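One-based numbering along the sequence shown. Model, not experiment: these values are computed from the prediction. Basis for what follows: all heavy atoms, side chains included, without hydrogens, waters or symmetry-related copies.
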Amino acid sequence: MALLRPFFSDTTLSKTGAFSGNLTNTTQTRRRRTRKYVSLSITDMFSASHTNLGPRRKLNQARRGLIKCSAVTEVGGFVSVGGKEEGGESEDDHKVLLGSTVEEQEIREKAVVNYDWREEWYPLYLTRDVPDDAPLGLTVFDKQIVLYKDGSGVLHCYQDRCPHRLAKLSEGQLINGRLECLYHGWQFEGDGKCVKIPQLPAGASIPRSACVKTYEVRDSQGVVWVWMSDKNPANLDKLPWFENFARPGFQDVSTIHELPYDHSILLENLMDPAHVPISHDRTDWNAKREDAQPLLFKVTEQTDRGFAGQWGREMDQGMTNFLRFEAPCVLQNNRELVDKNGQKHYFSGLFLCRPAGQGKSMLIVRFGGTRRFSPIMKLIPQWFIHQNASKVFEQDMGFLSSQNEVLMREKIPTKELYINIRFSDTWVTEYRKWMDKVGHGMPYHFGHSTISLPKEPAVVEHAPAGLVAGVSASLPAKGGVGTMHAPNPANRYFRHVIHCKVCRNSVQAFHAWKNALSIMAIVSTAFAILVSGRQWKALYLISATLFLAGVYGCSTAIAMNTTNFIRKHRQA
């Protein structure tokens, strides 16, 4: 997203390696064409050219409520002219819109592959943010799991369900490295075996069935991954490995976010560079809406496990970025650059998108490179960078949540709903077509030509209540009764701060400093009233003013970490 831009903003460097490509002819041809304002007819994008798709297709068109309309548009030098046969596509529409022939669509709809979403590794958490003293409740699709560290710091993962009465083990606690269910005190060791039941009489043995289902986890390159299969042992060949992150001198900035929309919509958003100048205008160092322009795309690889290709901005006259999507939920955008000294630098934007249930996703974002951070970047505190990242996702949140609602309500494939443009939506179309091939192996999916709605009811989580609510609010993946700590997916504290040790500790520190400075301001003011000398009064009043300024600064920092971004034109 927008955070890629600080790393990729040096336009004086030349492209090398996998990112070189001969695009001169394409670019020159496009530039020879004059831009014209024309009438673009979108009467019914699919009816005339796809009349033999059957009654279901016509029903879907009727549900969309397509009507004849026209728009004046300027599209990257390509001329699209309306006035063709009513209800049909003009010939030049195909130069602008992403589509395919009826025969190609039928082939793709039949090109399904063997796929089982359980036979995959899923990213759970940044290793550094896994708590040492509390279990962590997480989800993969509709499967609830619990992650924790034992007394030796070894990671373990269970089904988040006590075999006794089905209570959530993530609501439990750690005692001597064992995970204890707080309902009746049953305790479990790393292999899932129950080792203590307080209610058993002396000499009674623990039932062999009193054990929990376990999942295999791996810590790889700073991320905890879980193997979800209950049939086959973990396939280490499928465990993702990112070459750039293993290079000497590679530095990264990583954050984690919980988001209120489906992981497929999140992936769409992350593989859509066209929205960055508009949605994130001046949010980061380089995004500007006046830079919105046609983009160039070239698909270089299509497999059963994803796709890859190059892309770039038209004004740059080349495609210097390399994007790769790999099943089930890994997206990376890489770039190789050579500086004026001939030294090669590697940059990566890595997005690990875990499906966290219907209408929910968990995202691990990692940006980095082999070029050293500038001295100014080193002075910026991590919490400030993290809150800016949260702001970026909040700028998209309204759009993506509403998109999720429409897909669920319309119940038809994205081909019938989206108008995909060649100069912005190539990756989105490729992703939805990949979903067509593998969607049958998922709990639910939204494909380009196919769709399968969720069959399981959505999991609704509630905050703990009672006296422990305030305490549990400070723990990861727990909620509280306060407004800031409530488990609301639209709440920045719940979406990011409780999952991030850096930001959580920063907020706690700012709260402590705010309270201390408030007390010192009160004391200084009292001394200013009690002392008789003018110089002492002035000194204490100045001190009180400085303390109050510190209180204001701490309050501002707390608000920056916990308050959602709201666009100015939406403020009332």
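- Identified under the salt bridge (charged side-chain N to carboxylate O under 4.0 Å, His left out) test for residues 203-217, with sequence neighbours left out: K213-D230, E216-R218.
- Between K193 and D191, no side-chain nitrogen of the basic residue sits less than 4.0 Å from a carboxylate oxygen of the acidic one, so the salt-bridge criterion is not met.
- With respect to the salt-bridge test (charged N to carboxylate O, under 4.0 angstrom), the residues R492 and E258 do not qualify.
- The nearest pair of heavy atoms linking C353 to P123 is N-CG, 4.4 Å.
- Crowding of N176 atom CG: a count of heavy atoms from other residues, nucleotides or ligands under 6.0 Å not exceeding 12.
- Considering only heavy atoms from C-beta on, W225 stays 4.5 Å or farther from V217 through its side chain.
- In this structure, Q332 CD and N244 CG are separated by 7.5 Å, a value rounded to the nearest 0.5 Å.
- Atom CZ of R161 has 12 or fewer heavy atoms from other residues, nucleotides or ligands within 6.0 Å.
- Between the T139 side chain and the D142 main chain, no donor and acceptor come within less than 3.5 Å of each other.
- Using a distance-only test at 3.5 Å, with no hydrogens or angles considered, no donor-acceptor pair links the side chain of Q144 to the main chain of D160.
- The residues D129 and R504 are annotated as not salt-bridged, no charged nitrogen and carboxylate oxygen being separated by less than 4.0 angstrom.
- In this structure, S348 and F250 have side chains that are in contact, with non-hydrogen atoms separated by less than 4.5 Å.
- Ring-centre distance between H499 and Y125: below the 6.0 Å cut-off.
- For the pair V130 and K149, the minimum side-chain heavy-atom distance is below 4.5 Å.
- Here the side chains of V140 and L124 are in contact, with some heavy-atom distance below 4.5 Å.
- The shortest non-hydrogen separation linking C554 to L517 is SG-CD1, 4.2 Å.
- Counting non-hydrogen atoms of other residues, nucleotides and ligands closer than 6.0 Å to CZ of R128 gives a total above 12.
- In terms of heavy atoms, V223 sits closest to I364 at CG1-CD1, 4.0 Å.
- F188 approaches C162 most closely through the heavy-atom pair CZ-SG, 4.1 Å.
- Between K501 and D132 there is a salt bridge, since a side-chain N of the basic residue sits under 4.0 Å from a carboxylate O of the acidic one.
- Ion pairing of K196 with E180 is absent here, as no side-chain N (NZ or NE/NH1/NH2) approaches a carboxylate O to less than 4.0 Å.
- Using a distance-only test at 3.5 Å, with no hydrogens or angles considered, a donor-acceptor pair links the side chain of Q199 to the main chain of H184.
- Remark: aromatic rings of F547 and Y552 are distant, center separation not under 6.0 Å.
- At a threshold of 4.5 Å between non-hydrogen side-chain atoms, the residues F367 and F347 do not count as touching.
- Minimum interatomic distance between T450 and H445 (heavy atoms only, all atoms of both residues): OG1-NE2, 3.0 Å.
- Annotation: side chain of L200 is in contact with side chain of I206 (closest heavy-atom distance under 4.5 Å).
- With salt bridges taken as basic N to acidic carboxylate O contacts below 4.0 Å, none links E119 and K238.
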- What do the steps show when you test L407 against I265 for side chain to side chain contact (heavy atoms under 4.5 Å, CB included), and what is the final call? CA-CA 10 Å; L407 287 175; I265 293 175; 3.9 Å; yes
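- Nearest heavy atom pair, residue P454 against residue Y444, reads N-CB, 3.5 Å.
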- Task: Could you give me the CA-CA distance, side-chain angles and deciding distance for Q403 and Y418, then say whether side chain to side chain donor-acceptor pair (under 3.5 Å) is met?
- Result: CA-CA 11 Å; Q403 183 182 352; Y418 293 0; 2.7 Å; yes
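- Using a cutoff of 4.0 Å between basic side-chain nitrogens and carboxylate oxygens, D252 and R366 are scored as salt-bridged.
- Taking the six-membered ring for Trp, Y122 and W227 have ring centres at least 6.0 Å apart.
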- Message: Pair M397, Y261 - check side chain to side chain contact (heavy atoms under 4.5 Å, CB included), show working.
- Response: CA-CA 8 Å; M397 194 181 299; Y261 35 82; 4.1 Å; yes
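- Contact check for F393 versus V365: side-chain heavy atoms found under the 4.5 Å cut-off.
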- Item | Derivation and outcome, side chain to side chain contact (heavy atoms under 4.5 Å, CB included), residues T429 and T414 | CA-CA 9 Å; T429 303; T414 59; over 6 Å; no
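- The aromatic ring centroids of W434 and F325 lie less than 6.0 Å from each other.
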- Item | From CA spacing to verdict: ring pair (Phe, Tyr, Trp, His ring centres under 6.0 Å), Y431, F446 | CA-CA 10 Å; Y431 174 60; F446 304 97; over 10 Å; no
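- Ring geometry for Y148 versus H156: interplanar angle of 30 to 60°, hence tilted.
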- Task: Kindly indicate, with the supporting measurements, whether the criterion side chain to side chain contact (heavy atoms under 4.5 Å, CB included) is fulfilled by H496 and Q387.
- Result: CA-CA 9 Å; H496 171 69; Q387 66 84 28; over 6 Å; no
